[in-house]
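Order of listing sets the numbers, starting from 1, for every ligand and every atom in it.
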Amino acid sequence: MASFFMFCLIFITLTVPQSKAQSTCTTQNFTNNKQYDHCNDLPQLGSYLHWNLDTVNNTVSIVFIAPPATPDGWVSWAINPTADGMVGSQALVGYKATNGNMAVDTYNISSYSDFTKGKLAFDVWDKTCEYQDGMIRIFATIELPVNGETTVNQVWQVGGRVSSGGFPAQHAFQAGNLASKGSLDLLSGEISGGGDGNSKTKKRNIHGILNAISWGILFPLGIMIARYLRTFPAADPTWFYIHGFLQVSAYAIGVAGWATGLKLGSESKGVRYSSHRNIGIALFCLATLQVLALFFRPKKGHKIRFYWNIYHHGTGYAVIVLGILNVFKGLQILSPAGNWKTAYIIVISSLGLTALVLEAFTWIIVFKRKSRKASKPSTNGQAKEHSTAP
Ligand SMILES: *[C@@H]1O[C@H](CO)[C@@H](O)[C@H](O)[C@H]1NC(C)=O
């Protein structure tokens with residue numbers, strides 16, 4: 001039954017079309033509550049672009065946000081009016097100057113070796129730069145290179161070192177550094193090129209599905225099996241095996257989901273979801289303790305079994321509460337389109353409702369057994385063994 005349920009669930013989640021996660025850039029805020037009409041998670045180098053287009057004045061105000069390769073590194077965003085790569089780029093470079101202030105310089109990059117600091121092919125105003133949470137933010141207003149042409153070639157880059165003269169040292173040549181370019185439609189907000197922009201979204205969805213199934217559904221289900229099936233003498237020891245199977249599967253899926261979460265966390269510089277992360281780590285520790293506790297389970301009737309039970313049940317309930325809480329926190333971060341949140345609420349409240357009914361049922365059975373036992377004191381063994389007064 002349990003494995004059937006699990007496979008149904010995995011089947012459903014894999015066949016339902018992947019919902020597109022909301023972009024991270026929409027959660028980024030600016031001082032003075034400055035608002036930008038458009039934003040995009042750029043497909044490489046963990047970078048973001050926000051902008052306001054002014055078609056009347058033929059200008060665009062941009063914010064480019066990217067993590068430098070090292071804290072002393074640089075980030076750059078450019079428009080290339082003549083080609084689609086680095087050569088010909090008219091670049092804004094943000095870095096920390098030797099006096100400790102953040103600075104923005106403009107570079108005319110006419111070849112791979114010829115960088116000229118100075119005027120660009122178009123006017124630039126209001127350049128400023130900030131450092132926040134491991135990310136450099138470049139602000140600027142630029143004139144569109146061609147009047148009325150709102151689609152431009154963009155190029156962006158991050159590097160690890162700046163010379164004492166403020167000159168950016170060569171960047172790395174990883175796949176991400178080479179793919180970070182493409183076209184940008186300032187009017188519609190569409191970007192193209194730049195490689196597989198959805199790989200992060202896909203990873204986040206996989207992380208969400210694994211963890212919702214494990215911590216959010218299988219763990220609570222396994223605990224329900226242990227609590228309610230045990231009331232029936234006929235279900236002994238079947239309940240134990242189902243419980244064990246469910247919890248070990250939940251643990252395996254949960255660890256996989258947990259690992260994808262840590263990976264996502266390490267990749268997302270600048271944007272931290274501390275409480276989601278900390279609850280996740282606590283859950284992993286508690287669940288690992290539960291699995292280990294199996295090996296140290298004292299025999300039934302042993303004098304410390306009572307304390308082991310308290311410990312095992314306490315940890316189990318903590319896992320349920322934290323697990324469900326963290327699924328909701330994750331849903332809030334991912335903000336998936338469609339009805340993922342509603343679907344989870346339906347699943348978890350039906351489990352909750354079932355638990356409520358079974359809980360009442362269990363109490364009734366236990367009371368009946370107790371009263372029967374009280375009227376017939378001779379039959380104790382069997383009933384005592386299974387009467388698990390909640
Ligand atoms: C950029 O450099 C190229 C080559 O040196 C030059 O032809 C071009 O005029 C420069 N652009 C600006 C705006 O200075």
Side-chain angles (χ1 to χ4, degrees), residues 36 38 40 42 44-45 47-66 68-69 73-99 101-130 136-174 176-187 191-194:
Y36 292 86
H38 299 276
N40 231 311
L42 298 179
Q44 302 293 344
L45 306 175
S47 309
Y48 307 91
L49 188 72
H50 300 251
W51 72 92
N52 268 336
L53 181 64
D54 181 343
T55 47
V56 174
N57 293 312
N58 200 46
T59 61
V60 60
S61 299
I62 62 112
V63 189
F64 173 68
I65 305 178
W74 54 270
V75 308
S76 170
W77 183 81
I79 285 182
N80 191 335
T82 52
D84 67 356
M86 174 175 155
V87 172
S89 289
Q90 306 293 299
L92 299 157
V93 177
Y95 63 101
K96 191 197 269 176
T98 38
N99 64 8
N101 292 339
M102 299 304 296
V104 192
D105 289 335
T106 50
Y107 283 88
N108 171 17
I109 303 171
S110 47
S111 79
Y112 287 116
S113 55
D114 184 8
F115 294 63
T116 317
K117 198 195 276 196
K119 255 186 88 60
L120 300 185
F122 41 79
D123 282 329
V124 181
W125 303 273
D126 306 328
K127 324 175 259 158
T128 56
C129 193
E130 288 174 0
I136 293 180
R137 298 174 160 204
I138 297 177
F139 298 78
T141 300
I142 61 176
E143 179 193 31
L144 291 178
V146 180
N147 203 337
E149 178 62 64
T150 52
T151 300
V152 295
N153 293 320
Q154 63 169 343
V155 186
W156 66 102
Q157 197 53 264
V158 302
R161 218 168 44 77
V162 178
S163 77
S164 54
F167 195 77
Q170 197 174 61
H171 59 79
F173 288 85
Q174 306 286 330
N177 300 93
L178 301 176
S180 51
K181 58 185 184 179
S183 89
L184 165 67
D185 185 335
L186 294 163
L187 203 56
I191 58 169
S192 63

| What pairs with D54 under salt bridge (charged side-chain N to carboxylate O under 4.0 Å, His left out), at least two apart in sequence or on another chain? | none
| query | Taking atom types as modelled and ignoring hydrogens, do the side chains of N80 and Q90 form a donor-acceptor contact shorter than 3.5 angstrom? | reply | no
| request: If the plane angle is over 60° it's perpendicular, under 30° parallel, otherwise tilted; pick one for W74 and H171. | output: perpendicular
Report every pair formed by an N or O atom of ligand 1 and a protein N or O atom separated by less than 3.5 Å, giving atom names and the distance to 0.1 Å.
residue, atom, partner, partner atom, Å
ligand 1, 2 (O), N108, ND2, 2.3
ligand 1, 11 (N), N108, ND2, 2.8

| task | Check salt bridge (charged side-chain N to carboxylate O under 4.0 Å, His left out) between K127 and all other residues, then give those that pass, not counting sequence neighbours. | result | none
| field | Results of side-chain hydrogen bond (donor to acceptor under 3.5 Å, both in side chains) for S110 - residues two or more places apart only | value | D114
| said: Hydrogens and angles aside, do N58 and E143 bring a side-chain donor and acceptor to less than 3.5 Å of each other? | reply: no
